[in-house]
There are 2 protein chains.
Amino acid sequence: MSDKTNTNLKEAGLKATLPRIKILEILQATSGTHHHYTAEDIYRELVINNYDIGLATVYRVLTQFENAGIVVKHQFDANKSVYELIDAEHHDHMVCVDTGEVTEFHDETIKRKQREIAAEHGYELLDQSLVLYVKKKQK
Amino acid sequence: MSDKTNTNLKEAGLKATLPRIKILEILQATSGTHHHYTAEDIYRELVINNYDIGLATVYRVLTQFENAGIVVKHQFDANKSVYELIDAEHHDHMVCVDTGEVTEFHDETIKRKQREIAAEHGYELLDQSLVLYVKKKQK
DNA sequence: ATGCTTGCAAACGGTTTGCACGTGT
DNA sequence: ACACGTGCAAACCGTTTGCAAGCAT
């Protein structure tokens, strides 16, 4: 898997350096439920594992990953960004306003409707951001 | 109309002060196409009209308006917020990535689908944010 | 009169950048 | 070797806040 990781980086035109490899590994960690990380989440994780990697580098690497199409940057909250590995199936998010829990979903009907709407206005749909703010239904 | 303005403020539990009245008037200005303002847009407008109102006050007033349900805060771009008067019909936005132009739209199909999806996950839909990033279709 | 508002300037917090040093190929 | 990548600390920039003075009621 570390082979695969290096390959990914090379393919993206990025030298396989320690910081980039470690950050990519953290993003790929499937153990926790949350695969949405802030720059500091990742930085903290690095510090815990005794890697001497600066926060500035984390930001730089994440930006490079974003440009390389390895990662998407989301803005669920007004004043901090979270990053997420891009997987094959691109999905949207619902955020619980009480717990902050993030659930992913995908819906083709909505996607299709969006393209229609853009087209009606003479536009082509390049990208889209949909976030539902929800709370647990109590009965 | 300045009567109406004061009434709005009073109803919202806010004293009718000069800064609040003027900021509300700017938000209500229907002349320009863009009714999406950054705090500085509004500040600049105030300066042009020779009002001695600080940027900090603009932020404070906009936040109060937001809490009072007079205004919504959007985050089309990562590092600046825009504010918009809430009108009866609540709508979504498409932003042209080339020109920055913002077009509003409303679609009931999408809204309904969203409620369904939230419900499927045991959630209740409180709020939602949908932004389409588009570009002019060239032929 | 008195409590909410405001202007100013300083603080904040996430993110970016300049620079000299370190590292991958 | 040499270009590219990195750590550190300082800069940035939109936004928030403490404080003393100013208004609306």
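Both backbone and side-chain heavy atoms feed into the values below; hydrogens, waters and symmetry mates do not. Worth saying up front: this structure is predicted, and the values here are computed from it rather than measured.
Spacing between atom CG of B:L46 and atom P of C:dT6 amounts to 12 Å, rounded to whole angstrom units. In this structure, B:L62 places its CG atom 15 Å from C1' of C:dT6, rounding to the nearest Å. Counting to the nearest Å, the C1' atom of C:dT15 and the CD atom of A:Q75 are 11 Å from each other. Between the CD1 atom of B:I53 and the C1' atom of C:dT5 there is a distance of 12 Å, rounded to whole Å. Between the NZ atom of A:K80 and the P atom of C:dC12 there is a distance of 17 Å, rounded to whole Å. Residue B:F65 contributes atom CZ, which lies 11 Å from atom P of C:dT5 at whole-angstrom precision. In this structure, A:R44 places its CZ atom 14 Å from C1' of C:dG14, rounding to the nearest Å. Between the OH atom of B:Y51 and the P atom of C:dT5 there is a distance of 20 Å, given to the nearest Å.
With C:dT5, D:dT15, C:dC19 as the candidates, the nucleotide lying closest to the side chain of B:L55 is D:dT15. Distance from the side chain of B:A39 is smallest for D:dT15 among the nucleotides D:dT15, C:dT16, D:dC19. For B:A56, taking side-chain heavy atoms from C-beta onward, the closest of the listed nucleotides C:dT6, D:dT17, C:dT25 is D:dT17. Checking C:dT6, C:dG14, D:dG14 against every side-chain atom of A:E40, the shortest atom distance belongs to C:dG14. If you check C:dT5, C:dT16, C:dT6 against the side chain of A:T63, the one that comes closest is C:dT16. Taking every side-chain heavy atom of B:P19 into account, C:dG7 is the closest of C:dG7, C:dT25, D:dG5.
Comparing A:G54 and B:S81 by the nucleotide of DNA chain D whose heavy atom lies nearest to each, the residue mapping closer to the 5' end is A:G54. Between B:N79 and B:K15, the residue whose closest nucleotide on DNA chain D is further toward the 5' end is B:N79.
B:L18 comes within 4.0 angstrom of no nucleic acid atom, judged by non-hydrogen atoms across all strands. No contact: B:T38 has no heavy atom under 4.0 Å from any strand.
For the 3.5 Å distance criterion, the side chains of A:D107 and B:Q114 fail to qualify, holding no donor opposite an acceptor. Of the N and O atoms on the side chains of B:H106 and B:E108, at least one donor lies less than 3.5 Å from an acceptor on the other residue. Counted by atom type alone, B:H121 and A:E104 present zero donor-acceptor pairs between their side chains at under 3.5 Å.
The side chain of B:T57 places no N or O atom within less than 4.0 Å of a non-bridging phosphate oxygen (OP1 or OP2) of C:dT5. Contact between the side-chain N/O atoms of B:Y59 and the OP1/OP2 oxygens of D:dT16 is not found at any separation under 4.0 Å.
In this structure, A:F76 and A:H74 have parallel ring planes: the angle between them is below the 30° cut-off, well short of the 60° mark.
Between the side chain of A:R20 and the base of C:dG24 there is no donor-acceptor pair of N/O atoms closer than 3.5 Å.
Rounded to the nearest 0.5 Å, atoms CG (A:L125) and CG (A:D127) are 7.5 Å apart.
A donor-acceptor pair under 3.5 Å is absent between the side-chain atoms of A:T57 and the main chain of A:I53, judged by distance alone.
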